[in-house]
There are 2 protein chains.
Amino acid sequence: MAKEAAGRARPGRAPAPAGRRARPRQAEVARLAGVSQATVSLVLSGRDLATGRPISAETRAKVLDAAHSLGYVPDPAASRLAAARNNLLGVFSFTATFPTDVRHSYYPFLVGVEQEAAAQGYDLVLFTGSSTGGAGAGGAGALNRVRLADGCLFLGRHAPADELRRLVADDFPVVHVGRRDEPEGLAWVGADYVSASREVVTALAGLGHRRVLLVREDDDAPASTDRERGFLDGLVDSGLPAGSDAVFRSGDPRHDLTADRVRAWVAEGVTAFVAEETDTGAAWRALRAAVDEAGLDCPGQVSLALLGSPPADLADEPAPMGFDIPRPALGAEAVRLLAARIAGGPAEGTLVACAFRPGATAGPPPAP
Amino acid sequence: MAKEAAGRARPGRAPAPAGRRARPRQAEVARLAGVSQATVSLVLSGRDLATGRPISAETRAKVLDAAHSLGYVPDPAASRLAAARNNLLGVFSFTATFPTDVRHSYYPFLVGVEQEAAAQGYDLVLFTGSSTGGAGAGGAGALNRVRLADGCLFLGRHAPADELRRLVADDFPVVHVGRRDEPEGLAWVGADYVSASREVVTALAGLGHRRVLLVREDDDAPASTDRERGFLDGLVDSGLPAGSDAVFRSGDPRHDLTADRVRAWVAEGVTAFVAEETDTGAAWRALRAAVDEAGLDCPGQVSLALLGSPPADLADEPAPMGFDIPRPALGAEAVRLLAARIAGGPAEGTLVACAFRPGATAGPPPAP
DNA sequence: CGCATTACCTAATGCGCATTAACGAGTAAT
DNA sequence: ATTACTCGTTAATGCGCATTAGGTAATGCG
């Protein structure tokens, strides 16, 4: 393995790619402090104190001073390559981040993420779904860019299962935001729709309602399924009939949910309606419209509830009974879980409780 | 530089950190394809075609096959280390980033930043003012953390001049969001308040107003100065008197701007009032309140305009005439400028045009 | 006073990839 | 046949950092 002693050429890197050469390396710090690069590494990583590796206070000070005066910052790529960590947490979003309607869900989440990340000593790397930067080509291995960070959060329903699976299989710390069973061993955090929905139904029952109807769309996402389950659980808990006629499922609520139909239900004894929350809020909109058109007074003659938050454009209307997804809390919890994963913790799923919202659309049922 | 031939120890890395060892390296691909690692790198990066470095089709195919069958994905950390750049753009905010009131200005900006960054092939690193991650201590050299990125955007008025100066002096690519003259050679992007303000005045003049008054706070930030200049320019352009009595400056508009004073101005012939925009919106609030209290009908008896966007809590009132800062555009422009800086471009300042907003608070002056 | 500690520090090495001088094999030109 | 190239591929090297076996004073012990 001896090197050729002869005067071979020296390939390697070109001297200086012109750009900025200002960023100081550990070597410069070492030179300035009059020590070796290894010592600089030891001091700056604090590994000396932690592992009982003795470094004299004088040397420490010299190194620290030199590093500070040079404005030294470790190169994250190098740290990472050297099998350490870089205090960077990735955030990869699959949803279109930009349309205005997402503003209301993505940002609050980010607030929580940022706060908790800061608390844990991490900075954030925002990976953009459409970005083609970095190594792999745009579409295919785009997800691999995240490996630069110590771990990564994934947002949005459309995370490609196979790529995620690969990451998980390689034991790269990943946390998905939103319940997800797909890749085995994937950690996730999600809102507890089941409990929150149950609570809404319980509140309605507590007000005296005996017949409650759920209006939901024709979608089998976990978010929908969970809400229905919670709804039915709530009915059962309150001793109310939870048959299949307690749920009205429609692929197009705007057309199927007519005023006539609402009147018919009311005639049958239904006094409260519950709508699931979706991206578009179609079920809720249809319900409101139908009730209005049927000439029914909302808190007076029928009670309404929404299993989630109202769409942004209806924010100025009186708040419906329902619950709010604690997005900042969700973000914070995701970060906590991710940090735990990075530290070697298990890949578990975590539910975060939603906040019940009494609202102004529910009251006692009308006297018979 | 000859290596010690003697049987020295071999320190280096521990054999295998247990965890993820499954990921194939270029070396494995090379072995499977029966070529060298260098060839794999050349083929996979496509650098052979680009730089005219010829690689036989046969070899290419062998390498590609091997890579595919092994599920090879490049390690971004290694790529970035070897390439001396990391395709990371920093975003450092000095304002409290996440408190609710900033929500409305920070996020739209970030939208533009992210979009343009993605387009340019960069990912984003969000540095948090309070985060203590990384090497340097928290408070003092916190700004140095940003050096981990290829360049950095700075938001907020309170960027410490000396630290910024240091970065600029080291030729670290920096772009400040908001006009700024402080550190010589600092690149910045800002909204063109001068033109936008002038446009508002011109619109008012076009409606027939001959006496227009600017209400501003007692602050000499560029943002305020620019607005005043644009205001005065607009008056001059329209052949209106632009004396010092066209501007009312107050350290505390809430107390100084009374209904009586407004009545007096109106009696003197003032038919339109313009308020500058500030963080708190104090001038605009005071103006609205005083006009209301004076019992003046807004579009009818006096016209009002705001040099900027109304504060978030007044978003539901009728939109005032004025202009909107195109925050996404500003963000995008900032990224473009930063990318140019990284590529070795000059440190220039750039203005982005604001969008005129007709609003509903201005009309023709009342007949005399 | 000689040898074993102890306290501090440094040399050497590799992580995975990109880069480039150089080399071997053809092929064309002299 | 020797030189002059072109083509295709490889060996060697380093990016910046972390890691660890030693080395070298300074100190302890009998």
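A, B, ... follow the sequence lines: proteins, then strands. Residue 1 opens every chain. Quick caveat, the model's predicted, so the values are computed rather than measured.
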Student: Closest to the B/S41 side chain: C/dA11, D/dC15, C/dT19?
Tutor: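 Side chain of B/S41 sits closest to C/dT19.
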Student: Could you check whether B/R25 pairs with B/E28 (Lys NZ or Arg NE/NH1/NH2 to Asp/Glu carboxylate O, under 4.0 Å)?
Tutor: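 No, B/R25 and B/E28 are not salt-bridged.
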Student: Between A/D150 and A/R341, does any side-chain N to carboxylate O distance fall below 4.0 Å?
Tutor: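 No salt bridge links A/D150 with A/R341.
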Student: Applying a 4.0 Å non-hydrogen cut-off, can you work out what B/S56 is touching in the nucleic acid: base, sugar-phosphate, or nothing?
Tutor: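 Answer is sugar-phosphate: B/S56 comes under 4.0 Å of backbone atoms only.
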Student: Starting from C1' on D/dC15, measure out to CG on A/D75 and report it in whole angstrom.
Tutor: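 Taking CG of A/D75 and C1' of D/dC15, I get 8 Å after rounding.
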Student: Just how far, in rounded Å, is C1' of D/dT9 from NZ of B/K62?
Tutor: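 My rounded result for the distance is 11 Å.
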Student: Quick one: A/R31 CZ to C/dA11 P, roughly how many Å, whole number?
Tutor: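 So the CZ-P distance, A/R31 to C/dA11, works out to 13 Å.
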Student: Taking C-beta and beyond as the side chain, do A/L89 and A/I342 meet within less than 4.5 Å on heavy atoms?
Tutor: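 A/L89 reaches A/I342 side chain to side chain.
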Student: Examine D/dT10: is either OP1 or OP2 under 4.0 Å from a nitrogen or oxygen in the side chain of B/T39? Give yes or no.
Tutor: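 Affirmative; the distance criterion is met.
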Student: Are any of A/S45's side-chain N or O atoms less than 4.0 Å away from OP1 or OP2 of D/dC17?
Tutor: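 For D/dC17, OP1/OP2 do not have a side-chain N/O of A/S45 under 4.0 Å.
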Student: Considering only heavy atoms and no angle criterion, is a donor-acceptor pair shorter than 3.5 Å present between the side chain of A/Q37 and the base of C/dA11?
Tutor: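 Answer no: no donor N or O sits under 3.5 Å from an acceptor.
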Student: Nearest-Å distance, CG (A/L81) to P (D/dC15)?
Tutor: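 Going from CG in A/L81 over to P in D/dC15 covers 13 Å.
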Student: Is it true that A/D170 and A/R166 make a salt bridge, defined as a side-chain N closer than 4.0 Å to a carboxylate O?
Tutor: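 A salt bridge links A/D170 with A/R166.
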Student: Please tell me which of the listed nucleotides, C/dT20, D/dC17, C/dA12, lies nearest to the side chain of A/A82?
Tutor: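 My answer, after comparing the listed nucleotides, is D/dC17.
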Student: As a test of understanding, state which of B/L338, B/L337, B/V146 forms a side chain to side chain contact (heavy atoms under 4.5 Å, CB included) with B/L153.
Tutor: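 That would be B/L338; it is the only one of B/L338, B/L337, B/V146 passing the side chain to side chain contact (heavy atoms under 4.5 Å, CB included) with B/L153.
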Student: Between C/dA18 atom P and B/L44 atom CG, what is the distance in whole Å?
Tutor: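 So the two atoms are 8 Å apart, to the nearest Å.
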Student: If you assign each of A/T59 and B/Q26 to its closest nucleotide in DNA chain C, which residue comes earlier from the 5' end?
Tutor: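 The residue whose closest nucleotide sits nearer the 5' end is A/T59.
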Student: Looking at every strand, decide which applies to A/V40 at a 4.0 Å heavy-atom threshold: base, sugar-phosphate, or nothing.
Tutor: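 It contacts nothing in the nucleic acid.
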Student: May I have the distance from A/L42 (atom CG) to C/dA7 (atom C1'), rounded to whole angstrom?
Tutor: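 Answer to the nearest Å: 14 Å.
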Student: Would one find a side-chain N or O of B/S79 under 4.0 angstrom from OP1 or OP2 of C/dG16?
Tutor: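 False: B/S79 side-chain N/O out of range (4.0 Å or more) of C/dG16 OP1/OP2.
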Student: Please report, rounded to the nearest Å, how far the C1' atom of D/dC15 is from the CD atom of A/E28.
Tutor: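 Between C1' of D/dC15 and CD of A/E28: 13 Å.
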Student: Can you tell me the Watson-Crick or wobble partner of C/dA22, both distances under 3.5 angstrom?
Tutor: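 When the pairing criteria are applied, D/dT9 turns out to be the nucleotide that pairs with C/dA22.
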Student: Which comes earlier along DNA chain D counting from the 5' end, the contact point of B/S36 or that of A/A27, where each point is its nearest nucleotide?
Tutor: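 Its nearest nucleotide being more 5', the pick is B/S36.
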Student: Starting at atom CD of A/E58, determine the distance to atom P of C/dC8, rounded to an integer number of angstrom.
Tutor: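 Going from CD in A/E58 over to P in C/dC8 covers 11 Å.
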